[in-house]
Structures are given as C-alpha cells and as structure tokens.
J.: 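The structure that follows is given in the form of structure tokens.
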Amino acid sequence: MPMLIDNHGRTINYLRLAVTDRCNLRCNYCMPAEGIDFVAADRLLSMDELKYLGGILVGQGVDKIRITGGEPFARKDLMELMRHLSGLPGLKELSVTTNATLIGPHIDELKALGIKDINLSLDAIDRGTFERITRRKQFDTVHGNLIRLISEGFNVRINFIVLEGQNEQDIIPILEAMRHQKVSVRFLEEMPFNGGSKTFSALKWDHRAILEHIASAFPKYTQLPSPKTSTSINYKIEGHTGTFGIIPSFSRTFCGSCNRLRVTATGDVITCLYGRPVANLRDILRTGQGEDKVRETILRAVGSRAKTGFEAQGEHAKTIFENSMTSIGG
Ligand code: SAM
C-alpha cells in the first residue's frame with residue numbers, strides 16, 4: 001500500500017475535503033452576519049475535479065475522507081460525490097461534517113452508501129442560544145435530524161464550540177439532554193478563524209476549564225482509551241449511554257500525531273489549520289498539468305509540514321486569523 005509520510009515521520013492518511021465555502025448559517029464565531037466574500041462559483045472545484053482529486057489522494061494512501069465546507073449539503077451535487085467516493089477501492093472511511101439543516105432528504109441514501117460517521121455541529125441545546133449564535137431559526141430541523149441520525153444507527157458526534165458569554169450555560173444541559181442517546185458530545189476550544197466577526201481575546205474556555213466544569217456537575221466520569229491520532233480526549237459519565245470528548249483545538253496538544261491534510265473548496269492544500277495554503281490543485285488541473293504534477297505537489301506539501309500548529313502559525317498569525325473557517329474547511 002502506498003503511504004504519505006511527512007517530514008516528521010507522521011503518516012498522513014486522512015483528507016478533509018471541502019466542497020464549498022458557502023453556508024446557510026451565519027455562526028457568529030465563524031463569520032460576520034453579512035457573510036464573507038464567497039468565491040465565484042467557477043473558482044470552486046468542479047464535481048469532476050473533486051472526484052479526480054479524491055481518486056488521486058486515495059491512490060497515494062489516504063484511506064479516510066471527511067467531507068466538509070462551508071455546509072457540504074448546500075452543494076446540490078454533493079451526493080454524486082458521496083456515491084463516487086464511497087465506491088473507491090482503498091477508501092475505508094467516508095464521513096461528513098454538517099450543520100444538519102439540509103441533510104434530511106439524504107439520510108436514507110447516506111445509509112445505503114454505508115456512510116456511518118456524521119459530525120454534527122450544535123453549539124446549544126436551548127433554542128434562543130442556538131438562534132443567537134447561528135443567526136438563523138433552524139433549531140427544530142437540526143435537532144430533528146440529530147435524533148433521526150442517531151436512531152438510524154449513524155455514529156454521530158456533536159461538535160459544540162464553547163464560546164465565552166454565549167453558550168457556557170448549555171454545556172451541562174446538552175449532556176443531560178443526550179444522557180440516553182448513543183452519541184458523543186465533543187466540546188471544542190474556540191479558534192480565531194471568524195472572518196473578522198469578533199475580536200479573539202484570551203481563551204477562557206480552554207480544555208482544562210471545560211473538563212473542570214463538566215466534572216463539577218458529573219463527578220463520576222472516567223477517561224476512555226482513544227486512537228493515537230484522535231484529537232479528542234474522550235470520557236464516559238456513569239449512567240450515560242454515550243460519551244463526551246474535549247478537543248484542545250486552540251491549545252493544540254495533539255499535533256505530534258496529526259494525520260490530516262486539507263484541500264479547500266478552491267483547491268488549496270493546507271497541511272495545518274494554522275498555516276497558509278502551500279499549493280493549489282485546481283490551478284494545476286486547469287492548466288492541464290495532470291495527475292503526475294498533482295501527486296508530486298501533494299508529496300512536496302506533505303514533505304514540508306510544520307511540526308506543530310504554533311510553528312505553522314509563525315509570524316503569519318495576523319493574516320491567518322483574518323480567515324474564516326468556512327473558507328478553510330473546518
Ligand atoms: N457547515 C459544516 C458544519 O457546520 O459542521 C461544516 C463546516 S464548519 C466550518 C466545520 C466546523 O468548524 C464546525 O463544527 C464549526 O463549529 C467549526 N468552526 C467554525 N468556526 C470555528 C471557530 N472559530 N472555532 C472553532 N471551530 C469553528
């Protein structure tokens with residue numbers, strides 16, 4: 001089996017592939033109310049380009065792809081890509097990260113394609129809090145789809161970004177509400193990629209503060225073993241069906257085992273969330289340079305990765321932090 005190994009000896013087998021920068025929510029920690037400057041449609045990777053790049057990367061040793069965005073289901077032809085990728089020999093896991101507003105009509109087909117893992121973003125269990133954060137009235141749809149996905153047997157992981165002054169009061173209630181659900185609630189540290197929607201000051205809710213807060217309400221919890229490449233530290237509360245996890249996405253304690261590569265919806269290759277794009281695959285394809293050049297570009301990118309998110313951030317922090325997660329591909 002071919003393998004992508006970076007310059008620090010880490011195997012890169014996990015691709016996060018963004019299919020659009022557009023989103024139908026306006027989460028205030030991700031972008032301003034008016035949105036960002038979304039790119040022109042012809043600058044997004046086309047369906048053929050997405051399929052082609054997916055195939056090349058799987059040929060190079062990627063065996064896990066997570067589709068992200070923007071909101072993946074905002075792209076009308078998304079299921080064509082899911083059908084294609086799910087049939088690729090060598091790809092062991094295909095998953096999607098979604099805000100669950102538009103997934104409803106596709107749940108049956110996702111199941112039929114054998115897709116098991118869904119990451120669902122939900123930063124509140126209280127309707128008002130949800131509407132204030134997302135600036136949209138979609139709580140019932142999201143909650144309904146969450147329960148449906150769990151009942152249909154998907155491995156659902158809820159992503160809950162802990163936001164100072166906005167949703168701290170929902171941390172314990174969401175764990176209570178999910179007590180009897182087979183689901184993992186993952187609490188993430190906020191990151192500074194908000195497209196200029198707000199000033200990012202020191203982080204109050206880091207991974208330690210989140211755990212202390214949960215432990216004070218649920219003292220009977222145990223840490224679970226996690227895969228080496230997992231970004232979350234996972235726990236089980238006595239009497240709860242599911243689990244919870246904490247992701248130090250800003251503290252970046254997990255870089256040593258990072259196995260990820262990102263390709264944005266415009267074809268940028270990003271080897272660390274906190275770094276700049278290192279190449280553009282769309283331009284290579286559109287100038288007719290073909291598969292060999294793409295493979296070589298990937299190899300070069302993987303061969304010159306920063307060791308940690310802090311190193312990647314380097315002196316570029318200011319410009320990188322003007323970016324929005326909807327363009328980076330979360
Ligand atoms: N639209 C999809 C969704 O909502 O899950 C996929 C794209 S979204 C950009 C991916 C993830 O990035 C979501 O879980 C979202 O909460 C997270 N995210 C966006 N901005 C963030 C920020 N500033 N800090 C931490 N996570 C962020």
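In this chain, numbering begins with 1 at the start of the sequence shown. Each ligand, and each atom within it, is numbered from 1 in the order the structure gives.
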J.: Give the atoms of ligand 1, by number and element, whose distance to some non-hydrogen atom of Glu71 is under 4.0 Å.
T.: 1 (N), 2 (C)
J.: Checking a contact table here: which protein heavy atom is nearest atom 15 (C) of ligand 1, and how many Å away?
T.: Tyr29 OH, 3.8 Å
J.: What do you reckon, does Gly70 have a nitrogen or oxygen under 3.5 Å from a nitrogen or oxygen of ligand 1?
T.: yes
J.: Of the choices Leu273, Val162, Ile161, which has the non-hydrogen atom that lies closest to atom 17 (C) of ligand 1?
T.: Ile161
J.: Measure the distances from the heavy atoms of Leu188 to every atom of ligand 1 and state whether one is below 4.0 angstrom.
T.: no
J.: With heavy atoms under 4.0 Å as the rule, classify the contact between Asn194 and ligand 1 as side chain, backbone, both or neither.
T.: neither
J.: Using distance alone, decide if ligand 1 has a nitrogen or oxygen within less than 3.5 Å of any nitrogen or oxygen in Thr68.
T.: no
J.: Give me the nearest non-hydrogen protein atom to atom 8 (S) of ligand 1 as residue plus atom name, then the distance to 0.1 Å.
T.: Gly69 O, 4.4 Å
J.: With a 4.0 Å cut-off, would you call Arg83 and Glu80 a salt bridge?
T.: no
J.: Can we say Asp108 and Arg148 salt-bridge, meaning some charged N sits less than 4.0 Å from an Asp/Glu carboxylate O?
T.: yes
J.: Taking only heavy atoms of Asn99 into account, list the atoms of ligand 1 that are under 4.0 Å away from them.
T.: 2 (C), 3 (C), 4 (O), 5 (O)
J.: Treating Glu189 as the side-chain partner and Phe250 as the backbone partner, does any N or O pair qualify as donor plus acceptor under 3.5 Å?
T.: yes
J.: Below 3.5 Å, N or O to N or O, backbone or side chain included: is there any such pair between Met191 and ligand 1?
T.: yes
J.: Would you call Arg66-Asp117 a salt bridge at under 4.0 Å N-O?
T.: no
J.: Any N or O on Glu190 sitting closer than 3.5 Å to an N or O of ligand 1?
T.: no
J.: For Asp6, which of Arg305, Arg300, Arg260 qualifies under salt bridge (charged side-chain N to carboxylate O under 4.0 Å, His left out)?
T.: Arg305
J.: Hey, does the side chain of Ser232 reach the backbone of Ile247 with a donor-acceptor pair shorter than 3.5 angstrom?
T.: no
J.: Do NZ/NE/NH1/NH2 and the carboxylate oxygens of Lys116 and Glu93 come within less than 4.0 Å?
T.: no
J.: Is Glu49 paired with Arg286 through a side-chain N to carboxylate O contact shorter than 4.0 Å?
T.: yes
J.: Give the residue and atom name of whichever protein heavy atom lies nearest to atom 10 (C) of ligand 1, and the separation in Å to one decimal.
T.: Gly330 CA, 3.7 Å
J.: What's the shortest distance from atom 20 (N) of ligand 1 to any protein heavy atom, and which residue and atom give it?
T.: Met325 CB, 3.3 Å
J.: For a quick check under 3.5 Å, do Thr98 and Glu71 share a side-chain donor-acceptor pair by atom type?
T.: yes
J.: Checking side-chain contact (heavy atoms from CB on, under 4.5 Å) against Asn145, which of Asn99, Asp140, Ile103 comes through?
T.: Ile103
J.: Heavy-atom contacts with Asn159 under 4.0 Å: which atoms of ligand 1 show up? List them by number with element.
T.: 14 (O)
J.: Is the contact between Phe193 and ligand 1 made by the side chain, the backbone, both, or neither, using heavy atoms and a 4.0 Å cut-off?
T.: backbone
J.: Decide, yes or no, whether a salt bridge links Lys111 with Glu152 under the criterion of side-chain N to carboxylate O below 4.0 Å.
T.: yes
J.: Among all protein heavy atoms, pick out the one at the shortest distance from atom 4 (O) of ligand 1; state its residue, atom name and that distance to 0.1 Å.
T.: Ser121 OG, 3.2 Å
J.: Using heavy atoms and a threshold below 4.0 Å, how should the contact between Thr98 and ligand 1 be classified: side chain, backbone, both, or neither?
T.: backbone
